Amino acid sequence: MVIPHSSSHPRAVRDLLKPTLPVSLRTCWINGSYVSEADAHVSIFDRSVLFGDGVYEVAAVFNGRLLDADRHLVRLERSMREIALPAPASSAELEAVMQELATRNGITEGLVYLQVTRGAAERDFAFPDHVQPTVFAFARPKKLSDDPNQHGIRVHVVPDIRWQRCDIKSTAMLAQVLAKQAARQAGAFEAMMHEDGLVTEGGSSNLWIVRDGIAYTRPLSRDILAGITRHVCLDVADEAQVSVVQRAFTVEQAINADECFITSATSFVLPVTRIDEHVVGNGAPGPVTLRMRDAYLARAHRLTT
Ligand code: PMP
């Protein structure tokens with residue numbers, strides 16, 4: 001992230017805003033134009049800045065190609081519909097932009113982020129009369145096939161303090177920011193959120209446990225995001241020789257499970273080998289988790305090569 005120099009920032013603040021690592025300027029896309037990240041700006045009156053009034057998607061780039069873009073764009077359409085936000089462009093156009101960003105930025109493994117907001121308007125909670133959505137996207141590299149976390153991560157248990165429409169991929173994510181920061185401070189990679197002891201999902205992933213050879217994941221409802229990766233895992237479960245039951249489980253059951261794993265578009269399938277101070281199973285990635293990860297990766301290769 002590059003913040004342009006501005007004489008209006010006091011010097012100390014300017015120093016804080018400086019990127020800590022040298023980064024080359026990416027090509028981003030905003031409201032129809034490809035621009036350098038230094039020129040990719042939204043208004044302070046944008047409703048996503050003021051209210052978190054926007055929705056987004058993150059899709060993986062694998063072998064230089066978008067993975068499951070169609071499914072991500074169907075979910076984006078749904079998120080927009082659920083918050084009565086007019087689509088700024090067709091899914092085909094947005095998919096073309098996302099692929100072009102991966103290509104222009106030379107990304108072979110990574111992700112593309114796309115956000116649609118209810119645009120800039122005088123600050124008022126109710127919608128403006130004439131909504132002009134803001135839409136922008138950027139890409140970034142990330143190791144996916146050789147993820148350093150594939151050998152196992154720790155999760156940190158936190159109460160789920162979010163709202164009642166977690167099925168909408170909203171940009172209003174303070175609860176997840178706090179959950180994931182608490183996880184980081186606890187030396188964990190991800191949060192395990194729960195409601196009255198029942199696991200909902202990760203801070204930015206879906207959660208699964210394995211008991212006696214059966215994989216369990218919470219059924220879809222307004223309490224969780226319908227993860228694309230979760231869905232793909234259901235699709236490849238037969239190939240992975242994994243039986244799946246969509247049933248909620250408790251934190252206690254997760255701690256006592258044989259295996260636990262998370263799924264998300266940008267981590268695929270990652271073994272959870274620690275839940276706070278508890279070791280899951282024998283502390284190593286379990287066979288069901290590894291078969292699911294392998295089947296997911298095999299499909300990703302098939303779709304992108
Ligand atoms: N739940 C939440 C809260 C998330 O933010 C994400 C990541 N988008 C997921 C689940 C996983 O969804 P997906 O597999 O589509 O990335």
Side-chain angles (χ1 to χ4, degrees), residues 52 54-62 66-80 82 91 95 98 109-116 137-140 142 144 147 149 153 155-183 189-195 198-209 215 217-237 244 246 248 260-270 272 289 292-293 295-297 299-300 303:
V55 292
Y56 75 108
E57 274 301 325
V58 181
V61 178
F62 201 60
L66 281 177
L67 192 57
D68 292 311
D70 49 347
R71 296 186 188 211
H72 285 281
L73 287 160
V74 165
R75 187 171 64 185
L76 180 71
E77 274 185 353
R78 177 182 183 278
S79 293
M80 291 191 291
E82 292 298 313
S91 286
E95 179 173 342
M98 292 170 85
E109 280 195 15
L111 60 92
V112 180
Y113 177 101
L114 174 79
Q115 179 170 330
V116 186
F138 59 84
R140 85 164 185 237
K142 182 176 191 286
L144 298 174
D147 191 324
N149 285 316
I153 61 165
V155 296
H156 173 58
V157 178
V158 294
D160 191 339
I161 60 167
R162 297 175 302 163
W163 68 331
Q164 295 178 11
R165 289 305 307 271
C166 297
D167 56 313
I168 299 172
K169 202 160 168 54
S170 154
T171 59
M173 285 194 289
L174 195 47
Q176 284 107 307
V177 167
L178 296 177
K180 288 183 78 101
Q181 176 61 17
F189 174 75
E190 175 60 302
M192 173 181 271
M193 299 193 288
H194 73 90
E195 220 169 46
L198 267 191
V199 173
T200 50
E201 57 187 334
S204 59
S205 58
N206 290 110
L207 271 158
W208 302 62
I209 60 169
T217 191
R218 190 177 169 116
L220 297 185
S221 70
R222 292 184 168 190
D223 296 334
I224 64 169
L225 186 73
I228 304 299
T229 319
R230 174 190 177 282
H231 198 184
V232 170
C233 284
L234 296 175
D235 291 349
V236 301
V244 179
Q246 298 187 57
C260 179
F261 61 92
I262 62 166
T263 54
S264 85
T266 55
S267 59
F268 293 178
V269 176
L270 290 181
V272 174
T289 304
M292 194 68 108
R293 180 172 170 85
Y296 189 92
L297 276 162
R299 173 184 176 276
L303 289 178

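Count residues from 1 along the sequence. For clarity, every value in this text was computed on a predicted model and none was experimentally measured. Just follow the structure's listing: the first ligand is 1, and inside any ligand the first atom is 1.
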So CD of Glu201 and OG of Ser264: to nearest 0.5 Å the spacing works out to 11.0 Å

Between Glu95 and Leu66, is the side chain to side chain contact (heavy atoms under 4.5 Å, CB included) condition met? List the steps. CA-CA 8 Å; Glu95 179 173 342; Leu66 281 177; 4.1 Å; yes

Ion pair Arg162/Asp223, N-O distance below 4.0 Å: no

Could you pull out all residues at least two apart from Asp70 that satisfy side chain to side chain contact (heavy atoms under 4.5 Å, CB included)? Asp68

Is Arg75 reaching over with its side chain to a backbone N or O of Ala226, donor-acceptor style, under 3.5 angstrom? yes

Could you tell me, for ligand 1, which of its N or O atoms are under 3.5 Å from any protein N or O, listing the pairs and their distances rounded to 0.1 Å?
unit_1: ligand 1; atom_1: 1 (N); unit_2: Glu201; atom_2: OE1; d: 2.6
unit_1: ligand 1; atom_1: 8 (N); unit_2: Lys169; atom_2: NZ; d: 2.5
unit_1: ligand 1; atom_1: 14 (O); unit_2: Ile228; atom_2: N; d: 3.3
unit_1: ligand 1; atom_1: 14 (O); unit_2: Thr229; atom_2: N; d: 3.0
unit_1: ligand 1; atom_1: 14 (O); unit_2: Thr229; atom_2: OG1; d: 2.6
unit_1: ligand 1; atom_1: 14 (O); unit_2: Ala265; atom_2: N; d: 3.4
unit_1: ligand 1; atom_1: 15 (O); unit_2: Arg75; atom_2: NH1; d: 2.8
unit_1: ligand 1; atom_1: 15 (O); unit_2: Arg75; atom_2: NH2; d: 2.9
unit_1: ligand 1; atom_1: 15 (O); unit_2: Ile228; atom_2: N; d: 2.8
unit_1: ligand 1; atom_1: 16 (O); unit_2: Ala265; atom_2: N; d: 2.8

Please state whether the rings of Phe62 and Phe268 are parallel, tilted or perpendicular, taking 30° and 60° as the class boundaries. perpendicular

